[in-house]
Amino acid sequence: MIREIHVFKDGETLFEDVIVPNKDLDTKAVMMLVSSSCKKLQEWKIDSMEIERFRYVYMNSHDTQFIITMDRQASLMKVHEAMTSAVSKFMTAFESVLETDEWKSTDFSPFKDGFRRIVSRIPVKVCLAGHGGTGKTTLLELATMPSQGPPQEYVPTFFGDKALLKADFDPYVFSMFDLGGQDRFVQEWGKIIRAGSLVVIVTDSTTENLAWTKRVAYPVLKNELPYARAIAIANKQDLPGALSPQEVSRKLGVPAYGMQANKMDFRDRWLKLLRGLAFETLDFAVVGEIEVE
Ligand SMILES: Nc1nc2c(ncn2[C@@H]2O[C@H](COP(=O)(O)OP(=O)(O)OP(=O)(O)O)[C@@H](O)[C@H]2O)c(=O)[nH]1
Ligand SMILES: [Mg+2]
């Protein structure tokens with residue numbers, strides 16, 4: 001997922017667009033560091049550096065430094081393409097002003113729309129992980145098929161499924177990966193979830209299911225997506241004996257949110273949770289940092 005872009009020339013900021021602010025690092029200090037490396041790059045070469053769960057992809061053109069901040073976990077290849085499109089777009093509009101002193105008095109803000117369109121073209125990969133029957137496919141359909149309503153029957157998913165989700169997530173579009181949760185499919189997860197940015201751990205809020213999640217799902221997720229962000233869904237809150245979201249959070253070591261995925265009324269809540277995870281406006285965990293008892 002692309003989070004920010006910064007464009008610098010002669011130590012001045014020409015343009016910046018921060019879609020999801022970075023609360024973990026001192027952005028100004030990081031930008032100084034990255035732009036100093038960026039200045040040394042040959043024209044149109046792309047390089048990158050990683051700090052914690054972030055990746056800074058940079059390019060130097062017309063003595064102008066372009067730096068895109070993304071999640072470390074996401075696909076570097078797609079961001080290379082995005083970088084090339086962004087710089088081309090910027091040059092088409094502003095090449096002539098960059099060649100003289102005119103850039104000092106130019107308004108670069110119209111670049112924002114074009115940049116956001118580029119961001120929208122790379123779907124953010126969201127992985128729904130959890131044991132069979134916990135409600136992953138129900139959640140997928142609750143989000144993506146509002147006219148039909150969530151399924152009431154349990155039809156196990158083979159391997160995995162995916163669907164695009166466009167909602168109130170602008171400029172992001174989500175590609176939802178619904179994993180098959182039966183034990184025989186878990187060994188396939190590694191291949192399917194590669195380069196996922198966001199993980200939703202789905203539980204049916206029972207003690208046995210939480211134990212399975214920690215024993216079987218955690219090793220795969222931690223191994224494959226250590227820098228991804230995760231929340232847990234404490235699903236099936238309507239069933240007698242369901243553990244509360246607080247208990248689920250405590251047992252899983254991941255903030256958990258209560259849900260009843262088979263009820264249409266919960267669609268808004270579900271979309272808000274996804275939005276909060278993408279924009280980092282709710283409590284979440286970084287997969288590699290989840291503590292297991
Ligand atoms: N009572 C109750 N049932 C639910 C809830 N959410 C989902 N279900 C039902 O639980 C079953 C779960 O089915 P799926 O969503 O297909 O399960 P899944 O996690 O995709 O399972 P796999 O594909 O095998 O990994 C369905 O019968 C749903 O209707 C809920 O909140 N409460
Ligand atoms: Mg399923």
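First listed ligand is number 1; within each ligand, the first listed atom is number 1. Count residues from 1 along the sequence. Source: prediction; values computed, not measured.
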Pairs where residues 238-291 contributes a residue and the test ring-ring contact (aromatic ring centres under 6.0 Å, His included) is met, not counting sequence neighbours:
Y172-F279
L164: which other cluster members, linking ILVMFWY side chains closer than 4.5 Å, directly or transitively?
V173
Quick check on contacts: which atoms of ligand 1 are under 4.0 angstrom from a heavy atom of G132?
21 (O), 22 (P), 24 (O), 25 (O)
Checking contacts here: is it the side chain or the backbone of P151 that comes within 4.0 Å of ligand 1, counting heavy atoms only? Could be both or neither.
backbone
Is E141 in contact with ligand 1, taking contact as a heavy-atom separation below 4.0 Å?
no
Do D107 side-chain atoms and S109 backbone N/O form a donor-acceptor pair below 3.5 Å?
yes
Identify, for atom 28 (C) of ligand 1, the protein heavy atom at the shortest distance, and state residue, atom and that distance.
T138 OG1, 3.6 Å
In this structure, does ligand 1 have an atom that sits under 4.0 Å from one of the heavy atoms of L179?
yes
Under 4.0 Å from a heavy atom of P156: which atoms of ligand 1 are those, numbered in the order shown and with their elements?
23 (O), 24 (O)
Return the closest protein heavy atom for atom 30 (C) of ligand 1 as residue, atom name and distance.
N262 OD1, 3.2 Å
Any side-chain donor near an acceptor of the partner, T137 and T157, under 3.5 Å:
yes
What is the closest protein heavy atom to atom 12 (C) of ligand 1, and at what distance does it sit?
G133 O, 3.5 Å
Measure L239 to ligand 1 on non-hydrogen atoms and call it side chain, backbone, both or neither using the 4.0 Å cut-off.
side chain
K263, portion touching ligand 1 at heavy-atom distance under 4.0 Å
neither
Which residue holds the protein heavy atom closest to atom 10 (O) of ligand 1, what is that atom called, and what is the gap in Å?
K236 NZ, 3.1 Å
Exam field: side chain K136 to backbone G130, donor-acceptor pair closer than 3.5 Å:
yes
Is there at least one pair of N or O atoms, one from G130 and one from ligand 1, spaced under 3.5 Å apart?
no
Side chains of S244 and E247: do they bring a donor and an acceptor to under 3.5 Å?
yes
Examine ligand 1 and decide if any of its atoms is less than 4.0 Å from a heavy atom belonging to G180.
yes
Quick test: of every protein heavy atom, which one is nearest to atom 26 (C) of ligand 1, and how far off is it to 0.1 Å?
E153 O, 3.6 Å
What is the nearest protein non-hydrogen atom to atom 6 (N) of ligand 1, stated with its residue, atom name and distance?
N235 ND2, 3.1 Å
Run the numbers on R229 and D71 for salt bridge (charged side-chain N to carboxylate O under 4.0 Å, His left out), then give the verdict.
CA-CA 9 Å; R229 285 171 262 160; D71 291 320; 2.8 Å; yes
With only distance considered, is A261 within less than 3.5 Å of ligand 1 through an N or O on each side?
yes
Residues R194 and E224 bridged, charged N to O under 4.0 Å:
yes
Considering only the protein, which heavy-atom contact is closest to atom 27 (O) of ligand 1, and what is its distance?
Q152 O, 2.9 Å
Residues D17 and R116 bridged, charged N to O under 4.0 Å:
yes
Taking the six-membered ring of F177, is NZ or CZ of K125 closer than 6.0 Å to its centre and within 45° of its axis?
yes
What about Q237: any of its N or O atoms under 3.5 Å from an N or O on ligand 1?
no
Salt bridge flag under 4.0 Å for residues D178 and K162
no
As an exercise, state the distance from OG1 of T64 to NE2 of H62, rounded to the nearest 0.5 Å.
7.5 Å
At less than 2.8 Å, how many protein N/O/S atoms surround the Mg ion (ligand 2)? Leave waters out.
2
Does ligand 1 come near enough to Y154 that some N or O of the ligand is less than 3.5 Å from an N or O of the residue?
yes
For I51, the other hydrophobic cluster members (4.5 Å side-chain criterion, sorted by chain and number) are F8, L25, V30, M31, L33, V34, L41, M49, F54, Y56, Y58, I67
Per-atom contacts of ligand 1 with H131, taking only distances under 4.0 Å to non-hydrogen atoms:
19 (O)
Report the residue from F111, F115, F15 that forms a ring-ring contact (aromatic ring centres under 6.0 Å, His included) with F90.
F111
Applying a heavy-atom cut-off of 4.0 Å, say which part of D238 lies close to ligand 1: side chain, backbone, both or neither.
side chain
Does a donor on one side chain and an acceptor on the other come within less than 3.5 Å for W44 and N60?
no
Would you check whether Q260 has a nitrogen or oxygen atom less than 3.5 angstrom from a nitrogen or oxygen atom of ligand 1?
no
Heavy-atom side-chain proximity of R3 to P21 below 4.5 angstrom
no
Please indicate whether any nitrogen or oxygen in Q182 is less than 3.5 Å from any nitrogen or oxygen in ligand 1.
no
Supply the atom-to-atom distance Q148 CD to L142 CG, rounded to the nearest 0.5 angstrom.
11.0 Å
